Amino acid sequence: PMKNFKEMLDKDLDVTFYNTEEFAQVKQVKYDGIIKNIPVIFDSEETKERNAAGGGHAEGIYGRHTVIRARLSDMGKEPRQGARFYLENELFTVASVLNEYNELIIDLERFDE
């Protein structure tokens, strides 16, 4: 029965969120030698919270943190904490990764040279 529940969830993720017409945007990600164009969702609520928690200066996507969601199946593997992560041509560091039912919630922190 658990498998069916998981399958339902997976199907649900595919149908709702990762249908690019709705929420997801296809972006190029690069990490650990992997380069892929995958649908990602910018989690603006989470992003706001992370930026506020860090005494954030800027609002929105240009704050210190950007939180994205992506399917593990699209990513291929979970990026590890502290890894360099390119979103398009922007360089970030992976601050944290949460895996919820094969959906990765990745907190990206702007990389400072």
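Being a predicted model, the structure only gives us computed values, none of them experimental.
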Taking all heavy atoms of [X] and all of [Y], pick out the closest pair and write down the distance.
X	Y	result
Ile34	Lys77	CD1-CE, 3.6 Å
Val97	Pro79	CG2-O, 3.3 Å
Ala95	Glu109	CB-OE1, 3.9 Å
Ser73	Lys36	O-NZ, 4.5 Å
Asp32	Arg80	OD1-NH1, 2.5 Å

So Arg50 and Arg64, side-chain contact (heavy atoms from CB on, under 4.5 Å) or not? Walk me through it.
CA-CA 8 Å; Arg50 303 285 159 103; Arg64 204 146 162 74; over 6 Å; no
Name all residues meeting the salt bridge (charged side-chain N to carboxylate O under 4.0 Å, His left out) criterion together with Glu88; count only those two or more places apart in sequence or in a different chain, and write none if there are none.
none
Rounded to the nearest 0.5 Å, how far does [atom2] of [Y] lie from [atom1] of [X]?
X	Y	atom1	atom2	answer
Asp107	Glu49	CG	CD	11.0 Å
Phe42	Gln25	CZ	CD	5.0 Å
Leu108	Thr66	CG	OG1	6.5 Å
Ser96	Leu104	OG	CG	11.0 Å
His65	Ile106	NE2	CD1	14.5 Å
Arg69	Asp74	CZ	CG	14.5 Å

Is [X] linked to [Y] within one hydrophobic cluster, defined over Ile, Leu, Val, Met, Phe, Trp and Tyr using a side-chain heavy-atom separation of less than 4.5 Å?
X	Y	value
Ile38	Leu87	yes
Val40	Met75	yes
Leu98	Tyr101	no
Leu72	Ile68	yes

The single option from Tyr86, Phe92, Phe85 that satisfies ring-ring contact (aromatic ring centres under 6.0 Å, His included) with Tyr31 is Phe85
